Structure formats: C-alpha cells, structure tokens
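Right, one structure below, let's go through it.
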Protein chains: 2
Amino acid sequence: MKYYSIGEAAARLNIPESTLRFYEKKGLLPIIERDEAGRRLFSEDQISLLVTVGCLKNTHMSISEIKQYIDWIIEGDSTIELRLEMMNNHKQDVLAEISLMNESLKGIEEKITRYTNRIQEALL
Amino acid sequence: MKYYSIGEAAARLNIPESTLRFYEKKGLLPIIERDEAGRRLFSEDQISLLVTVGCLKNTHMSISEIKQYIDWIIEGDSTIELRLEMMNNHKQDVLAEISLMNESLKGIEEKITRYTNRIQEALL
DNA sequence: ATACGACTTAAACCTTGGTTTAAGTCAAGA
DNA sequence: TCTTGACTTAAACCAAGGTTTAAGTCGTAT
C-alpha cells in the first residue's frame, strides 16, 4: 500500500504540516503508522479520513466533537447509529447556520442598495 | 428621543452587557452618550447600528474590519464609496463561504447515506 | 565525512472574541 | 438610613485553534 510522508500529505490536503501534527495530538489521526525512523506514514485511508475532517471543519464542527466522531469510528460498527445521529444533527446545525448567513446577507445587501443609490443621487 | 440603558439594549439585542462594553472598547460603539452618572445611553440609532454589526458578525466579519466600517461611518459621506466597496467584497466572501459549506455538506450527506444503508443492511 | 533537507518532540507563543472579577458609584424603595 | 439593583472601571482570565521555536535524528547526495 502507498504511504505518504507528512510533507506529501500536507501538500495533498493543502494544510501545514504543523496542523497535521496538532490534529494528531488532539486525537484526530488515530492509529497513525510510523516507519523505522519514527516518521508518520499516511495511508490513503488516513488521507480520506482527513478529507472528511476537512468537511466537518469547513462546516464549523469543533475539534472536540470531531474527535468524538473519530473515536466512534475506531470503536467500530457498534457506533454506527451514534455516528448517523451525530451527522444528522450536524447537518441540521449547518443548515441553520447557512440560513442565518443568508438572512444576515439581506441586511448587507440592503446597505449595498442604499450606498449605491446615494452615490447615484450625488451625481445628479 | 428615547434612550436605552445597557441592560435594556442587551435585552433587546439578546447579547450580554459585557459584550456591549467589549464592543465599545473595540471601537464598535462610536459616540456613545452618557447620563450625568456616567451610564451609557443607547439611542435607536445605536441599536440599529448594532443590528448591522450583528449581520456582519453573523457573516464572520472580524471585529477589526467592522471597526473600519464604523470608522468610515463616523468619517461621513466622503467614505460612502469605500463602504460600498467593503460591503460588496464582503458579500462575495460570504457567498464563497456559503458555497464551501454547501460543498462540504455533500460530504456529510454522503456519510448519512452510507450509515443509513449500513443500518438497513444489518436488519436483513 | 559532511552537509542538507525532511522529519521528530515538547513547550512556548499567538490571536480572536469574548467573560469574569473586584472594587466602586449611584438612585430608589423599605 | 441603609440596602438593593443597576450601573461603572480596569485588569485578569479563558477556550479554541493553531503556529513557532529549539533541539535533535535520519537518509542521502556530494
């Protein structure tokens, strides 16, 4: 199986190496393998798990909640329902946050309209 | 003109008083009036400015950028074009962030589908 | 042989966005 | 009068999410 060094993984995921080390310390990189010299080896599975972590981070899940999710993955099939429930709840949170952003955007667009009109009027 | 105490303003805006004091310290509450005893007096204008600040915060504008916006408001009409440009740029940032969240949500929904299927299969 | 680049660690440091604390002022009601 | 509640301040504190630093270990190309 192909393995990536931390530098390669960082480049593929477009995040700093220091962040990958930080994530490992926080428990987000379970069962990470090492070579004889102690260097981390990222498998394809680790990379795709990190992509999932990226989705969760982009949608503002906290590191401690992501850790709970990872812990459940490690625990195995008995936690599938818990994981499903977590993802469903998170989806609702994200939809609510997107709604709030869209609502707030209306207030911003109103400012844009006002300022645009004021600039137009000033030209008359 | 009607004025609100910090407690009333906090209740109307549904944020802690300490946050209002913090915002003032950061320069987000310009020209705030005081009564003879030194207590803050929030006008209707201040409240509606704070509602705008809320829109900007909900869409993840940083406090220092919000301060720049407020400073331009204080500066007067000569900054309308700068404010318009800021709001237009911010709108684009917000739309990009919403897109990213929607993209990431797809990855989450994929998990939901997988877990749902696995639970269904386990029942066969 | 040695120097370089890529890796390792623990610990210190940083920013953001507040919240909490301690000590004090003031107005109003009992 | 005295206490209670709502306010004031400066400064300390906090959590999250990293980033940076310092010191060290490898493997490899010169």
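Proteins come first, then strands; the chains are lettered A, B, ... in the order of their sequence lines, and each starts at number 1. Source: prediction; values computed, not measured.
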Do A:Arg118 and A:Glu121 sit within salt-bridge range, that is, some charged N less than 4.0 Å from a carboxylate O?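 Answer for the salt bridge query: no.
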Could you state the CD-P distance from B:Glu36 to D:dC7, rounded to the nearest angstrom?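 Taking CD of B:Glu36 and P of D:dC7, I get 15 Å after rounding.
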Within this structure, what is the CD1-to-P distance between A:Ile15 and D:dG18, rounded to whole angstrom?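 It is 9 Å, rounded to the nearest whole Å.
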Using the rule side chain to side chain contact (heavy atoms under 4.5 Å, CB included), only one of B:Glu33, B:Gln46, B:Arg21 pairs with B:Arg40; which is it?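 Exactly one pass, corresponding to B:Arg21.
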With the sugar-phosphate defined as primed atoms, P, OP1 and OP2, and the base as all remaining atoms, what B/S/- string results for nucleotides 6-22 of chain C, 5' to 3', for protein heavy atoms under 4.0 Å? -SBB-------SBBB--
I'd like to know if the side chain of A:Thr79 and the backbone of A:Glu75 have a donor-acceptor N/O pair within less than 3.5 Å.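 Side chain of A:Thr79 to backbone of A:Glu75: no pair is present.
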Taking the six-membered ring of B:Tyr4, is NZ or CZ of B:Lys2 closer than 6.0 Å to its centre and within 45° of its axis?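 Because its charged atom sits under 6.0 Å from the ring centre and within 45° of the axis, B:Lys2 does stack over B:Tyr4.
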CG/B:Leu49 to CG/B:Asp45 distance, rounded to the nearest 0.5 angstrom?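 Going from the CG atom of B:Leu49 to the CG atom of B:Asp45 covers 8.5 Å.
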